[in-house]
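Single-structure report; data block below.
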Amino acid sequence: MNDIRTTCPYCGVGCGVIASPEGIVRGDPAHPANAGRLCSKGSAIADTLGHDGRLLKPSVAGRDADWDEALDLIAERFRRIIAEHGPESIAFYASGQFLTEDYYVANKLMKGFIGSANIDTNSRLCMASSVAGHVRAFGEDVVPGIYEDWDEADLVVLVGGNTAWCHPVLYQRLVAARARRGTRVVVIDPRRTATCEIADLHLPLAAGTDVALFDGLLVNMAERGGFDMGFVDRHTSGIAGALEAAGCSAGDIERVASITRLAQADIATFYDWFLGTERTTTIFSQGVNQSSAGTDKVNAIINCHLATGRIGRPGMGPFSITGQPNAMGGREVGGLANQLAAHMSFDRPADIDRVGRFWNALSIAQRPGLKAVEMFDAMLDGGIKAIWIMATNPAASMPRTDRVRQALERCPFVVVSDCWDTDTTARAHVVLPAASWGEKEGTVTNSERRISRQRPFRDPPGEARADWWMLTEVARRMGWSDAFPYRSPADIFREHAALSAFENDGRRVFDIGALADITDEAYRTLEPVRWPLPAGDNDPANGRLFGDGIFPTEDGRARFVPTRYRPPVAAPDRKRPFVLNTGRVRDQWHTMTRTGRVPRLMSHQDEPYLDLHPRDAVRLGLAPGDLVRIETAHGTAVLRARPNEGQKPGEVFAPMHWTDRFGSSGPVDRLVTAAVDPVSGQPELKATPARLAPVPTLWRGLLLSQTDEIPRDDFYCSRIPVGTSHAFEMRGWSPLPDAGALSAWARDRLGGAPDADLLDARRGIYRFARFVGGRLQSCLFVTQRANWPLPDRASIAPLIGKILDEETRDTLFAVDESACMAPPKRSRTVCSCFSVSVAEIEKAIAAGRLSTVAEIGATLRCGTSCGSCIPELEEILRDARVAA
Ligand code: SF4
């Protein structure tokens with residue numbers, strides 16, 4: 001088999017990758033999204049290809065089953081529940097990880113044939129507010145810009161996103177453009193993140209106040225004659241209403257400053273730059289979308305671009321950038337509960353009729369279905385009797401996770417299709433093993449509307465099958481064989497493309513009719529293409545949209561949307577004075593089902609943490625690494641405190657990735673409010689009131705084991721894969737058992753009675769080891785002494801599973817700090833490609849008087865591969881300069 005060109009499974013940048021039959025993955029130089037570049041996650045895809053932990057067979061009620069039994073059962077239960085309770089008692093919850101073909105079949109089955117629109121997706125948590133904002137302003141969910149705008153802008157405004165970590169390849173593209181043409185960069189984000197390393201201006205606004213900032217910009221530009229009235233008059237409607245609302249909402253700079261808590265001078269600078277720079281691109285992401293005012297934030301941004309006519313031309317426009325690899329493809333097929341298909345709408349009866357006729361679906365849904373938060377609420381209330389969850393892990397990723405888990409436990413019939421066991425499969429009645437990246441085929445669409453192929457380069461393990469196949473089989477078993485005749489993803493893609501063109505006549509921008517008759521061979525070799533691609537137009541010269549000022553609304557005009565600032569739904573108070581923000585880290589993806597298996601990706605941020613401002617840390621008596629309990633109205637978690645100057649006082653940040661499978665506190669989303677945006681239904685994941693309290697540590701422990709099961713008890717524990725085994729960092733706030741009972745306590749952690757131990761109660765040092773068949777199975781080190789180092793996990797991990805000679809065995813129990821296990825102080829890894837730590841970089845800077853990233857790269861190699869660590873290298877250099 002030759003090298004296969006496919007697409008990265010992670011973020012919405014949509015980078016092309018080349019996979020070799022030997023499992024080597026590299027960037028695709030011919031792919032327009034990345035031109036060969038990959039970030040740290042993309043570079044490590046090959047390390048995630050193991051079949052370890054994969055689901056290999058269907059299971060029913062916890063026992064293995066064959067496909068026929070599982071699919072028959074699903075079809076039969078769905079049929080019965082529909083007959084007894086109606087079609088709205090069934091729900092599908094899908095994923096931005098789905099390929100477009102999977103999504104198309106799921107949406108058609110639910111909306112066209114089951115007859116309910118209760119299909120939603122985890123994209124609801126990601127970019128539903130952008131969808132709603134685009135529809136309100138443009139009449140259709142369309143991202144007008146293309147990635148070249150990042151290269152050609154003179155001013156780039158990054159709002160609500162840590163681009164350096166979350167969309168690293170595009171960030172590097174911006175860095176290159178900035179070096180070439182001096183692009184000015186404004187970062188609008190409550191936190192000072194790695195992205196701020198290239199910011200000419202950072203506006204750390206108070207959480208959730210973006211609408212006031214952009215409403216103020218609109219008012220400011222109006223007062224200074226900054227509108228392009230020719231464009232406004234010819235191509236838009238509603239400017240007066242938007243201006244009036246913006247005036248009430250924000251008014252002058254002084255008022256904007258009082259709401260956003262920004263310096264007036266900084267606001268004035270931003271407004272001057274925006275007003276004075278024709279080529280301005282405003283790029284927004286989760287900080288805008290994941291908010292109870294998310295849709296208004298999107299429209300406040302779009303209003304400023306419409307007022308200046310800066311849309312659809314080189315280097316200018318509002319640019320929503322998606323989190324997931326195929327959030328855009330899901331939007332195209334109508335994967336959200338309030339969408340129909342192919343950008344048609346439940347708001348227009350003619351659209352419902354059109355889709356129904358195209359599908360020959362007599363019972364097509366007539367109204368929008370339940371959005372994600374409503375869907376799980378309805379399950380808890382008993383309205384949803386059956387759900388099929390596909391390629392996502394809501395038991396870890398939905399807000400108020402505990403409530404979602406309760407809902408799943410109460411639901412009479414839960415089907416989950418996934419590649420791995422997850423927190424959600426653990427609550428399913430039927431589990432279906434899904435083919436994974438590299439095994440399945442179809443298409444994905446990235447943030448600039450570019451459709452790329454995902455191609456298989458190896459067989460699925462066991463009995464794992466493609467999602468579109470499972471859905472098709474269930475549809476056939478429910479009696480709809482004629483409507484689901486698909487033999488391959490190419491069949492589905494052709495139908496999807498034909499629907500986009502069906503009775504379109506230029507009314508809907510999403511039209512890929514040119515691909516409706518694509519042959520199997522042409523589909524196999526399809527090059528990345530950007531839509532629209534109507535029949536007969538195979539080579540559009542310009543991928544930007546709306547440059548002609550014509551929009552897909554009834555009157556062809558874009559609509560200004562009145563927006564008014566309103567604070568986040570739940571405000572901090574005396575009881576919960578902090579605001580919890582959640583988000584991503586550089587090297588992890590979603591709930592870590594894939595990236596959490598890769599030790600080198602874990603080494604960048606190895607434990608869950610809570611960032612807080614150093615002044616807040618001092619006030620609470622917290623030093624770096626101390627345990628802190630965070631409590632919200634929805635739950636509590638104990639995390640490691642990380643004082644961080646980039647954090648605003650009163651606001652804290654926790655990564656969203658860690659789940660029960662990696663940490664004792666479980667998913668941080670269990671703490672998060674489920675208040676939603678009234679238009680988009682997207683939950684507020686970035687502003688939950690919280691209380692903090694230090695948790696005194698009475699003992700520390702390190703467990704190394706071959707098993708990945710987290711010890712459950714009343715202490716902090718975090719799992720870190722190291723080599724082929726697992727390290728568990730433990731911290732206790734309750735006293736250890738008496739020395740006499742310690743062996744029994746250790747047995748529960750070791751997975752069996754220890755065969756050897758050292759109990760030094762006088763010094764508060766305890767060590768245990770368990771051998772099976774002469775091989776070291778697990779070992780546990782516990783100390784009650786604050787200044788006594790635990791062994792270095794990296795030096796012990798290679799011993800797990802090995803037969804140890806006497807000398808090595810003795811080292812497990814050596815209490816002399818100078819023995820081989822006495823560790824150097826562990827330092828966080830910055831460069832995961834070459835495993836270079838902060839300490840090594842600082843040492844090299846000091847010893848070699850290095851003053852540039854290039855010099856560090858030449859000395860240590862960090863920053864010379866994927867480049868994802870470059871912003872952190874800049875930060876370390878800056879800190880070193882300050883220290884000097
Ligand atoms: Fe994948 Fe990284 Fe590209 Fe995103 S930026 S698509 S994670 S390689």
Side-chain angles (χ1 to χ4, degrees), residues 4-19 24-49 95-99 123 126-127 146-147 150-151 158 161-176 193-195 283 285-286 319-329 436-438 443-455 528 583-598 600-601 604-605 655-657 831-833 863 865-872:
I4 297 292
R5 293 176 67 204
T6 181
T7 316
C8 175
Y10 297 123
C11 82
V13 179
C15 297
V17 302
I18 298 177
I24 297 165
V25 175
R26 63 187 193 281
D28 180 354
H31 197 288
N34 59 320
R37 197 176 259 286
L38 294 178
C39 73
S40 50
K41 288 188 289 290
S43 307
I45 301 176
D47 296 352
T48 68
L49 294 179
S95 163
Q97 299 284 134
F98 250 20
L99 304 184
S123 295
C126 171
M127 49 67 211
I146 57 178
Y147 290 163
W150 296 52
D151 307 330
L158 295 164
N162 182 3
T163 319
W165 280 16
C166 301
H167 301 100
V169 166
L170 280 179
Y171 176 81
Q172 293 299 335
R173 192 164 173 162
L174 179 57
V175 170
T193 64
T195 304
I283 295 159
S285 190
Q286 262 60 331
F319 203 125
S320 146
I321 177 149
T322 55
Q324 298 202 74
N326 198 29
M328 291 284 275
S436 179
W437 184 84
T443 53
V444 290
T445 306
N446 72 4
S447 297
E448 59 157 0
R449 294 176 273 110
R450 193 180 291 279
I451 298 169
S452 299
R453 284 293 321 271
Q454 269 201 17
R455 298 183 172 92
R584 294 181 173 163
V585 301
R586 192 190 75 190
D587 288 356
Q588 291 302 330
W589 180 250
H590 280 195
T591 56
M592 299 164 75
T593 47
R594 191 187 290 271
T595 47
R597 294 165 188 277
V598 183
R600 73 175 158 117
L601 292 182
H604 180 241
Q605 309 282 349
M656 48 80 78
H657 308 286
C831 169
S832 46
C833 296
S865 179
C866 74
S868 297
C869 63
I870 289 174
E872 282 163 275

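First listed ligand is number 1; within each ligand, the first listed atom is number 1.
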- Task: Spell out the protein N/O/S atoms under 2.8 Å from atom 4 (Fe) of ligand 1 as residue plus atom name.
- Result: C11 SG
- After noting the C-alpha distance and the side-chain angles of R173 and D151, does the key distance pass the salt bridge (charged side-chain N to carboxylate O under 4.0 Å, His left out) rule? CA-CA 7 Å; R173 192 164 173 162; D151 307 330; 3.0 Å; yes
- Task: Would you give the length of the straight line joining atom NE2 of H31 to atom CG of L38, rounded to the nearest 0.5 angstrom?
- Result: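 Answer rounded to 0.5 Å: 11.0 Å.
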- Message: Show, in sequence, the C-alpha distance, side-chain angles and deciding distance for W150 and E448, and conclude whether the side chain to side chain donor-acceptor pair (under 3.5 Å) test is met.
- Response: CA-CA 11 Å; W150 296 52; E448 59 157 0; over 6 Å; no
- Query: Has the side chain of H167 got a donor or acceptor atom that lies under 3.5 Å from a matching backbone atom of C11?
  - Reply: no
- Sequence neighbours left out, what passes side-chain contact (heavy atoms from CB on, under 4.5 Å) with A19? Give chain and number order. V25, F457
- Query: For the rings on H604 and W165, is their centre-to-centre separation under 6.0 Å?
  - Reply: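 Yes: the rings meet the under 6.0 Å criterion.
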